[in-house]
Amino acid sequence: MAPSAENKLTGLIAATFTPFTSQGEVNLEKIGPYIDYLTEKQGVNGIFVNGTTGESMSLSVAERKLLAEEWCQKAKGKLDQVIVHVGCLSLKEAKELAAHAAEIGADAISAMAPFFFKPRTAAALRSFLQEVASAAPALPFFYYHIPAVTGVNVSVRDVLEGIEELIPSFRGVKFSGIDLMDLGRCISSSPPHWSFLYGVDEQLLAGLVVGADGAVGSTYNYAGCHVNTLMSAFKEGHVDRAREIQFKMQELLSYAMKLGFDVGVNKQLMNELSGLSLGPPRLPVTACPSADAQLIAKKYCQIFNDC
């Protein structure tokens with residue numbers, strides 16, 4: 001039976017932070033309250049775990065397995081989707097994580113391109129993704145395109161050429177790049193059951209106009225309620241309202257970027273706004289000065305007037 005477009009992935013998905021203790025160890029106890037915060041305060045019903053925001057490449061395989069299992073277990077009955085990022089520099093480890101994700105009941109898996117030894121062609125990248133997906137053939141698979149981090153600038157449109165023949169479980173792309181022409185060419189030439197989830201938070205509205213089905217991003221951890229309103233407004237044809245919210249997000253992120261916005265700053269901002277204690281980032285990402293995070297949190301409250 002052919003895949004149904006009715007089951008395609010849509011809507012807002014939070015790219016989660018990894019909770020650590022003050023000593024830098026994985027803190028599984030925070031995951032349950034974290035999920036409750038996302039669903040009850042932000043209206044977010046899907047998560048993308050162990051990705052860039054989750055500092056996946058600074059985690060051991062054992063830690064990633066523990067985290068994925070806890071996210072999946074605590075999400076049961078509360079979240080619609082748990083997508084586990086399984087990408088690694090080592091193909092063997094990526095396949096191990098993919099197989100594990102299938103065992104623990106993840107809803108889907110995703111993988112970014114390896115970025116030490118980089119695939120130089122679309123064919124090489126397709127082959128890598130095929131191998132990863134083969135370890136969990138029953139799970140929907142999404143390519144995670146994030147060229148600013150990986151340095152792999154292969155056109156996604158080229159990567160998608162014939163990909164479903166190689167990966168029958170292929171269901172779309174987490175497109176965290178700024179090349180909207182590439183995104184548009186992907187969407188215009190793809191089957192209806194694929195999903196394109198845009199991952200550049202500050203220009204989500206542009207991604208929606210081009211045809212993105214949803215979004216995955218870090219700021220949706222604490223601004224999901226506002227971005228849900230943006231997406232609803234766009235869907236209902238209220239573009240002016242959607243643009244107003246997008247401009248507010250841009251104002252916030254522009255301010256944060258002047259203070260050196262990175263995963264460490266973003267995580268501390270989440271701590272400030274949510275009241276959760278998710279701990280510091282792991283080196284080489286450094287902790288954000290509390291004063292900087294408080295300034296950004298204050299700016300957030302001034303912009304959105306809901307603090």
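Owing to the predicted nature of the structure, the values given are computational and were not obtained by experimental measurement.
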(message) Donor-acceptor check, side chain of S110 to backbone of F142, threshold 3.5 angstrom: yes or no?
(response) yes

(request) Report yes if some heavy atom in the side chain of H145 is under 4.5 Å from a heavy atom in the side chain of V152; otherwise report no. (result) no

(request) Could you note down all residue pairs passing salt bridge (charged side-chain N to carboxylate O under 4.0 Å, His left out) where residues 82-96 supplies at least one of them, sequence neighbours left out? (result) K65-E96, K95-E131

(request) For side chain to side chain contact (heavy atoms under 4.5 Å, CB included), just list the numbers for L79 and I47, CA-CA rounded to whole Å, side-chain angles, deciding distance to a tenth of an Å, and then say yes or no. (result) CA-CA 8 Å; L79 294 174; I47 54 176; 3.6 Å; yes

(message) Hydrophobic clusters here meaning ILVMFWY residues chained together by side-chain heavy-atom distances under 4.5 Å, can you tell me if I245 and F234 are in one?
(response) yes

(request) Report yes or no: do V86 and L129 belong to one cluster of Ile/Leu/Val/Met/Phe/Trp/Tyr joined by side chain heavy-atom distances under 4.5 Å? (result) yes

(message) For the NZ atom of K118 and the CG atom of L125, what is their distance to the nearest 0.5 Å?
(response) 12.5 Å

(request) Quick one: closest heavy-atom pair of I31 and W71, and the distance? (result) CG2-CE3, 3.4 Å

(message) Within the 3.5 Å criterion, strictly below it, is a donor on N228 or Y220 matched to an acceptor on the partner's side chain?
(response) no

(message) Check whether S56 reaches the backbone of T52 with its side chain - one donor and one acceptor, N or O, closer than 3.5 Å.
(response) no

(request) Return yes if a side-chain donor-acceptor contact under 3.5 Å exists between S195 and R171, otherwise no. (result) no

(message) Donor-acceptor pair, distance only, cut-off 3.5 Å: does the side chain of Q81 make one with the backbone of G46?
(response) no

(request) To the nearest 0.5 Å, tell me how far L208 CG sits from Q203 CD. (result) 11.0 Å

(request) Would you indicate whether the side-chain heavy atoms of V84 and L97 approach each other to under 4.5 Å? (result) no

(request) List the steps, then state whether side-chain hydrogen bond (donor to acceptor under 3.5 Å, both in side chains) holds for N221 with Y34. (result) CA-CA 9 Å; N221 283 285; Y34 192 159; 2.6 Å; yes

(message) Taking the side chain as everything from C-beta on, heavy atoms only, tell me whether S169 gets closer than 4.5 Å to F141.
(response) yes

(message) Looking at F48, I'd like to know if the NZ or CZ of K174 sits under 6.0 Å from its six-membered ring centre while staying within 45 degrees of the ring's axis.
(response) yes

(message) Show every salt bridge (charged side-chain N to carboxylate O under 4.0 Å, His left out) that has at least one partner inside residues 201-226, sequence neighbours left out.
(response) K8-D213

(message) Taking the side chain as everything from C-beta on, heavy atoms only, tell me whether P114 gets closer than 4.5 Å to C88.
(response) no

(message) For Y222, give me all partners under ring-ring contact (aromatic ring centres under 6.0 Å, His included), at least two apart in sequence or on another chain.
(response) none

(message) If you define the side chain from C-beta out and look only at heavy atoms, does anything of E165 sit under 4.5 Å from Q130?
(response) no

(request) List the steps and the verdict of side chain to side chain contact (heavy atoms under 4.5 Å, CB included) for N45 and T39. (result) CA-CA 6 Å; N45 296 306; T39 57; 4.2 Å; yes

(request) Write down the atom of S134, the atom of P137, and the distance for their closest heavy-atom approach. (result) O-CD, 3.4 Å

(request) Please answer: with hydrophobic residues joined when any side-chain heavy atoms are less than 4.5 Å apart, are L91 and Y143 in the same cluster? (result) yes

(request) Identify the heavy atoms of V44 and G224 that sit nearest to each other, and give their distance. (result) CG2-CA, 4.2 Å

Got a list of side-chain donor-acceptor pairs under 3.5 Å for residues 270-293, not counting sequence neighbours?
from, atom 1, to, atom 2, distance (Å)
N271, OD1, L278, N, 2.9
N271, ND2, Q268, OE1, 3.4
E272, OE2, Q268, NE2, 3.3
S274, OG, M270, O, 2.6
S274, OG, L276, N, 3.0
R282, NH1, S58, O, 3.0
R282, NH1, E63, OE1, 2.8
R282, NH1, E63, OE2, 3.4
R282, NH2, G24, O, 2.8
R282, NH2, E63, OE2, 3.0
S290, OG, Q294, NE2, 3.1

(request) Taking the side chain as every heavy atom from C-beta outward, state whether L67 and L28 have any pair of such atoms under 4.5 Å apart. (result) yes

(request) Tell me, with the steps shown, if T16 and T53 meet side chain to side chain contact (heavy atoms under 4.5 Å, CB included). (result) CA-CA 6 Å; T16 56; T53 304; over 6 Å; no

(message) Which heavy atom of V154 sits nearest to which heavy atom of P119, and what is that distance?
(response) CG2-O, 4.1 Å

(request) May I ask you to check whether over 12 heavy atoms, not counting those of I178, lie within 6.0 Å of atom CD1? (result) no

(request) Taking the six-membered ring for Trp and the single ring otherwise, decide whether the centroids of Y255 and F261 are under 6.0 Å apart. (result) no

(request) Mind checking the CZ-CD spacing from R241 to Q246? Nearest 0.5 Å is all I need. (result) 12.5 Å

(message) Show me the pairs that pass salt bridge (charged side-chain N to carboxylate O under 4.0 Å, His left out) and involve residues 24-38, at least two apart or across chains.
(response) D36-K78

(request) Indicate yes or no: at least one non-hydrogen side-chain atom of I83 is less than 4.5 angstrom from one of D107. (result) no

(message) Quick check for you: to the nearest 0.5 Å, what is the distance between F175 atom CZ and Y198 atom OH?
(response) 7.0 Å

(message) Would you say that more than 12 heavy atoms from the other residues, nucleotides or ligands in this model lie under 6.0 Å from the NZ of K41, or not?
(response) no

(request) Identify whether the distance between the nearest side-chain nitrogen and carboxylate oxygen of E251 and K248 falls below 4.0 Å. (result) no

(request) Please identify each residue that fulfils side-chain hydrogen bond (donor to acceptor under 3.5 Å, both in side chains) with T18, with sequence neighbours left out. (result) none

(request) Output, in order, the C-alpha distance, side-chain angles, deciding distance and verdict of side chain to side chain contact (heavy atoms under 4.5 Å, CB included) for E55 and K267. (result) CA-CA 11 Å; E55 302 176 73; K267 190 175 191 181; 3.6 Å; yes

(message) With no hydrogens and no angle check, just 3.5 Å: does a side-chain donor-acceptor pair link Y300 and H226?
(response) yes

(request) Please tell me if the side chains of F247 and L205 come closer than 4.5 Å, counting only heavy atoms from C-beta onward. (result) no

(message) Working to the nearest 0.5 angstrom, can you tell me the gap between I163 CD1 and I167 CD1?
(response) 4.0 Å

(message) Quiz question: by atom type and distance under 3.5 Å, do the side chains of N266 and S218 form a donor-acceptor pair?
(response) yes

(message) Looking at H85, is its backbone amide N or carbonyl O close enough to the side chain of R64 to form a donor-acceptor pair, meaning the two atoms are under 3.5 Å apart?
(response) yes

(message) Please report the interatomic distance NZ(K258) to CD1(I296), rounded to the nearest 0.5 Å.
(response) 12.0 Å

(message) Can you tell me which residue among L9, I187, L160 is in a side-chain contact (heavy atoms from CB on, under 4.5 Å) with W194?
(response) L160

(request) Quick one: closest heavy-atom pair of A136 and I109, and the distance? (result) CB-CD1, 4.0 Å

(message) Quick check: is I303 connected to L295 through a chain of hydrophobic side chains (ILVMFWY, heavy atoms under 4.5 Å apart)?
(response) yes

(request) Compare every heavy atom of C72 with every heavy atom of V82, then report the nearest pair and how far apart it is. (result) CG1-SG, 3.9 Å

(message) So does S155 get a backbone contact from the side chain of D158, meaning a donor-acceptor N/O pair under 3.5 Å?
(response) no

(message) Assess, by modelled atom type and distance only, whether the side chains of E164 and H193 contain a donor and an acceptor separated by less than 3.5 Å.
(response) yes

(message) Tell me whether I13 shares a hydrophobic cluster with L38, the cluster being built from Ile, Leu, Val, Met, Phe, Trp, Tyr side chains joined at under 4.5 Å.
(response) no

